[in-house]
Amino acid sequence: MKKTNHTHILARYLLISLLIFILAGLIVFKLFKTTVIDADKWNKKANSELLVSKVIHPQRGDILAADGSVLATNLTFYTLRMDFRAERFKSHPQVMVDYKNAIPVIADSLCRFFPNYGKTRAQWIKHLSAPLDLEFKKRPRGFRIIDNLSFADLERVRTIPFFDAKYPAKHGLVIDSKVRRTHPYGNMALRSIGRVGQTRECAEIHGISGLECALDSLLYGVPGVSKKIPLTRRIADWTDTAAVPGYTIKSTIDIGIQDIVENELNTVLETCDADWGVAVLMDVSTGDIKAISNLEKSPRSGKYIEAINRAVQGFEPGSVMKPISMLIALENGLVSDPNRVISTGFSYAYAGGRPITDSHGCTSMRVSEVIERSSNIGMTKVITGDNSIYHRDPSQFYKSLEAISFFKPLNTGIAGERTPVIEKNPSRISLSRMCYGYATMIPPIYTLAIYNAIANDGVFVRPRLYSELLREDSVPTVIPVSVVDTICTPRNAAILRDMLRSVVEGEHGTGKRLRNPLVNIAGKTGTCYMVDPKTHQYNTGRKRLAFCGFFPAEKPKYSCIVLTCHPKQNMFGAASTSGQVMKNIAMKMFSRGLLDNVSDFRADTQAPKGASPKFYHTSTTDTYRHSATITGYQCRSAAKQATSEGIVPDVSGLGLREAVVAIERAGYNVAFEGRGCVNSQRPQAGQQLRRGSTVIIRLI
């Protein structure tokens, strides 16, 4: 019996030993095969892995305002998550107890630190406790506690009990980070600044609109390359070529002016209930676009939001085309004497076409009055007169526009920019319509560029939206002002400026309502019926209204164009809609001293000749001044003045400067009368008033 057991045991040992030897032999064989027989194969595969390169995405450059304020930048945002199936929760039950006990304190802290999330303490407690109601195996491994945290927010969260653990990962806490393009000023000039996103071609983040798209190659930078290298204990990533960050681009946008333009455009659009509107403000001497706003009514909220950039899209311009036609008529000698009288009548059929009419016709007028009265007949007769080169050869009209650089790309930096579309070989009938703004497709920015040249003594400067390129590893690159050409003589530019001033100041001017005692405005109204997409006929019930001009008229500093599409209430004219926007912009800029003006309200100062005794300005100093002692009355200080948006502030007793600042901070416009200190205001202080409304103050 003993012998039999001993035999069985030995047999088992022998079997196990045999299996071990066989397994060891297989291992040795496999090792020999891998290291000797198949060595070339595995070395090739290892080398191929080491040769795999990885793209290092560069840091995208920022976009700055003219004063260096950040309009678009990259920020890292964090999301705090909890792994409720972390090993520590299972092996150390006390951790789960600590979490349960900390929930009320966590809820209190999150409610206090992040009120914008809109959750009450009870809602936070419910949110934080929800995973605990599940079985351990079903609890989430990436439960979101709170997201969209800045680095400062994350540091605050780390002070909350339980989240302040020395090794948060052991407690199941996970922090995810993501770099996102952000706009510190919200929607301000957002369409012009643009957006970024993935393209169809690749998963990289590139600009898809605005400056972000137009200057993407500069903003994006140069990608780097990394590869794998074998170290003693591991294979690590090695930067072969470092990524070069993109340029930071300084735009020409002025934050203060941009705020004025957006608010004034929004106010008028709301008042007239228009479909959309666009406004562009440009520096006359440099072509710098100081402000650009594109607003469109949201079908959901009914409020006006940033829309597509219509400043660079083509539209029939209407009568704002007439000064451009007059410019080429002057330059080509068709108009030698602006005081020459031409007969117009009330209807004119040129070349057998449908009769041309005027809204406010008359039997005859001087050539200089054609712009003032916005006469379609007058403009047609100037361009197509019997001795006109355009009457003999209508194609010369296109060539004359080409000669003033009208069709050259402006390269403003705005994505989606289009060039004007005008027929090269028009018929005489088409020419008669083109000269006053129909049968053409002209982007507003091109119209503005020509008006700007008129204001600039005939010097055409290219509009631009950026002025400087910055990068830490290189010298700043300043983009010079681009003078394209001199499109007319200074004499003809002066004649055109007088014509445009008469639109506002003349007896028959279509923009008479834009007269004001503070800022003289020159410009042209334009009304264009819109084409019905179904019938392809002009719909007289739908209008696109424009005003283009410059101010101050006597010494132009800024040029501006405004378009208003299909107003439905209160205001229906070009001057009362688009023109009013420009007037409001000019008045607001004047009130802030942005027109090289200084308002002096001392009692011993006399109003200039021709100015209203209620409103006038001087240019003797560089800052606003108000009298501290007028008729023995001491203006009170604004140091203790509290201003709440939505509530009319109390400005009684303040000087004009302090009163204007307080009212505008509350979100209102200001109209004033008199000089000295505020004696009365309407509406009264403390009343609630819709943002953008006007507060009237009287000073003594």
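- Taking both residues in full, the closest heavy atoms of Tyr350 and Ile429 are given as O-CG1, 4.0 Å, listed atom of the first, atom of the second, then distance.
- Side-chain atoms of Arg464 come within 3.5 Å of backbone N or O of Ile479 as a donor-acceptor pair.
- Atom CZ of Arg195 has 12 or fewer neighbouring heavy atoms from other residues, nucleotides or ligands inside a 6.0 Å radius.
- Cation-pi geometry between Lys557 and Phe550 is not met at under 6.0 angstrom from the ring centre and within 45 degrees of the axis.
- Residues Ser298 and Lys303 form no side-chain contact, since every pair of their non-hydrogen atoms from C-beta on lies 4.5 Å or further apart.
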Query raised in the report: For Lys408 and Tyr446, what are the C-alpha separation, side-chain angles and deciding distance, and is it a side-chain contact (heavy atoms from CB on, under 4.5 Å)?
Result: CA-CA 10 Å; Lys408 290 182 179 179; Tyr446 276 83; over 6 Å; no
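- Under the 3.5 Å distance criterion, the side-chain polar atoms of Glu423 are left unmatched by any main-chain donor or acceptor of Ser430.
- Side chain to side chain, Ser293 and Gln258 fail the donor-acceptor criterion of an N or O pair below 3.5 Å.
- Within a 6.0 Å radius of CZ in Arg515, other residues, nucleotides and ligands contribute more than 12 heavy atoms.
- Looking only at distances, no side-chain donor or acceptor of Ser559 sits under 3.5 Å from a matching main-chain atom of Tyr451.
- For Arg60 and Asp216, the salt-bridge test passes: some basic side-chain N is under 4.0 Å from an acidic carboxylate O.
- A donor-acceptor pair shorter than 3.5 Å can be found between the side chains of Asn492 and Glu331.
- A donor atom on one side chain and an acceptor atom on the other are found under 3.5 Å apart for Ser285 and Asp283.
- Side chain to side chain, Tyr436 and Ser374 fail the donor-acceptor criterion of an N or O pair below 3.5 Å.
- A salt bridge is defined here as a Lys NZ or Arg NE, NH1 or NH2 lying under 4.0 Å from an Asp or Glu carboxylate O, and Glu296 with Arg310 meets this definition.
- For Arg181 against Glu212, the heavy-atom pair with the smallest separation is NE-OE2, 2.9 Å.
- For the pair Ile422 and Ile442, the tightest heavy-atom approach, listed with the atom from each and the gap, is CD1-CD1, 4.3 Å.
- Using modelled atom types, one finds a donor on one side chain and an acceptor on the other under 3.5 Å when comparing Lys322 with Asn376.
- There is no side-chain donor-acceptor pair under 3.5 Å between Thr252 and Asp288.
- For the residue pair Asn309/Gln313, the side-chain donor-acceptor check at 3.5 Å is not satisfied.
- Heavy atoms from other residues, nucleotides or ligands lying under 6.0 Å from CD of Glu507 number 12 at most.
- Arg542 has a carboxylate O that lies under 4.0 Å from a charged side-chain N of Asp275, or vice versa, which qualifies the two as a salt bridge.
- Ser375 and Asp358 share a donor-acceptor pair across their side chains, judged by distance under 3.5 Å alone.
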Query raised in the report: Under the ring pair (Phe, Tyr, Trp, His ring centres under 6.0 Å) criterion, do Phe551 and Phe590 qualify, and how do the steps go?
Result: CA-CA 10 Å; Phe551 59 88; Phe590 176 88; over 10 Å; no
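- There is no side-chain donor-acceptor pair under 3.5 Å between Ser343 and Ser364.
- Ion pairing of Lys588 with Glu264 is present here, as a side-chain N (NZ or NE/NH1/NH2) and a carboxylate O approach within less than 4.0 Å.
- Taking the ring centroids of Phe407 and Tyr398, they lie under the 6.0 Å cut-off.
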Report task. Evaluate the criterion side chain to side chain donor-acceptor pair (under 3.5 Å) for residue pair Tyr390 and Asn332; output intermediate values, then yes/no. Result -> CA-CA 10 Å; Tyr390 308 122; Asn332 285 281; 3.0 Å; yes
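- Between Asp457 and Arg497, at least one side-chain N (NZ, or NE/NH1/NH2) sits under 4.0 Å from a carboxylate O, which counts as a salt bridge.
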